[in-house]
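From a predicted model like this one, the values you see are computed outputs, not experimental measurements.
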Amino acid sequence: MKKEMREKIKFLEQKMAKSPNKNGSRFLYKREQMIRFHLLLNNYDQKSLAKYLKITESYLSKLIIGERYSQNFEMFLYKHLEINYCFL
């Protein structure tokens with residue numbers, strides 16, 4: 001289990017290295033990092049999450065990096081992943 005989690009975290013770090021927010025907004029970078037980490041912890045992948053939210057994967061990616069906004073996505077973050085931006 002620990003080895004599997006280490007591999008997932010290493011993959012997450014590689015993904016975050018390509019983030020468009022890396023040299024931009026600190027808030028959006030931390031938000032994206034937190035969302036991706038919580039998705040990893042709860043075993044959600046982008047494909048199944050996009051299907052659940054009834055949106056495309058590319059639109060979900062834009063929601064995660066903060067290019068777009070969706071109230072349904074924000075409610076999902078709050079209810080299912082228990083993400084709150086108050087202390088970012």
Side-chain angles (χ1 to χ4, degrees):
M1 180 70 174
K2 288 182 182 180
K3 185 177 181 180
E4 182 181 315
M5 188 57 135
R6 278 191 218 123
E7 289 174 2
K8 287 182 178 181
I9 291 174
K10 186 177 179 180
F11 177 73
L12 176 64
E13 288 171 350
Q14 290 171 349
K15 196 168 211 155
M16 290 304 299
K18 300 174 189 174
S19 172
N21 296 322
K22 183 142 178 118
N23 297 322
S25 169
R26 183 174 181 265
F27 172 78
L28 288 177
Y29 181 75
K30 289 290 188 182
R31 177 185 178 273
E32 177 186 357
Q33 189 178 35
M34 185 170 35
I35 291 170
R36 291 195 187 280
F37 183 71
H38 281 277
L39 289 174
L40 179 75
L41 286 179
N42 293 309
N43 293 322
Y44 285 109
D45 61 336
Q46 265 187 254
K47 193 175 212 172
S48 62
L49 183 56
K51 193 172 187 177
Y52 175 77
L53 295 173
K54 297 176 184 154
I55 57 176
T56 64
E57 288 180 59
S58 63
Y59 187 67
L60 177 62
S61 180
K62 289 179 181 184
L63 290 170
I64 291 172
I65 64 172
E67 279 186 27
R68 300 282 185 259
Y69 175 82
S70 167
Q71 190 173 6
N72 290 339
F73 180 67
E74 296 299 323
M75 291 305 293
F76 172 81
L77 294 178
Y78 185 73
K79 288 182 178 179
H80 295 279
L81 299 182
E82 299 173 358
I83 293 177
N84 192 349
Y85 302 129
C86 291
F87 303 105
L88 268 183

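Taken from CG in L40 to CE in M5, the straight-line distance is 5.0 Å, to the nearest 0.5 Å. Interatomic distance, M34 CE to N84 CG, rounded to the nearest 0.5 Å: 8.0 Å. Distance CD/E57 to NZ/K47: 6.0 Å, rounded to 0.5 Å. Put simply, CG on L81 and CD1 on I35 are 8.0 Å apart, with the number rounded to the nearest 0.5 Å. In this structure, OG on S61 lies 8.0 Å from CD on E32, to the nearest 0.5 angstrom. How far CG of L39 is from CG of L49: 6.0 Å, rounded to the nearest 0.5 Å.
Linking Ile, Leu, Val, Met, Phe, Trp and Tyr whenever their side-chain heavy atoms come within less than 4.5 Å leaves I83 and M75 in two separate clusters. L41 and F11 sit in two unconnected hydrophobic clusters of ILVMFWY residues. Membership requires side-chain heavy atoms under 4.5 Å apart, directly or through other members. F73 and Y78 end up in different hydrophobic clusters when Ile, Leu, Val, Met, Phe, Trp and Tyr side chains are linked at under 4.5 Å.
Listed by first and then second residue, the side-chain hydrogen bond (donor to acceptor under 3.5 Å, both in side chains) pairs that reach into residues 62-71 come to none, sequence neighbours excluded.
More than 12 heavy atoms of other residues, nucleotides or ligands sit less than 6.0 Å from atom NZ of K8.
Considering only heavy atoms from C-beta on, I65 comes within 4.5 Å of R36 through its side chain. Within the 4.5 Å cutoff, the side chain of L63 has no heavy atoms near those of the L53 side chain.
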- Message: Test side-chain contact (heavy atoms from CB on, under 4.5 Å) on H38 and Y44; report intermediate values, then the result.
- Response: CA-CA 9 Å; H38 281 277; Y44 285 109; over 6 Å; no
- Might you work through the side-chain contact (heavy atoms from CB on, under 4.5 Å) test for F27 and N21, ending with a clear yes or no? CA-CA 9 Å; F27 172 78; N21 296 322; over 6 Å; no
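In this structure a side-chain-to-backbone donor-acceptor pair under 3.5 Å is present from R31 to I64.
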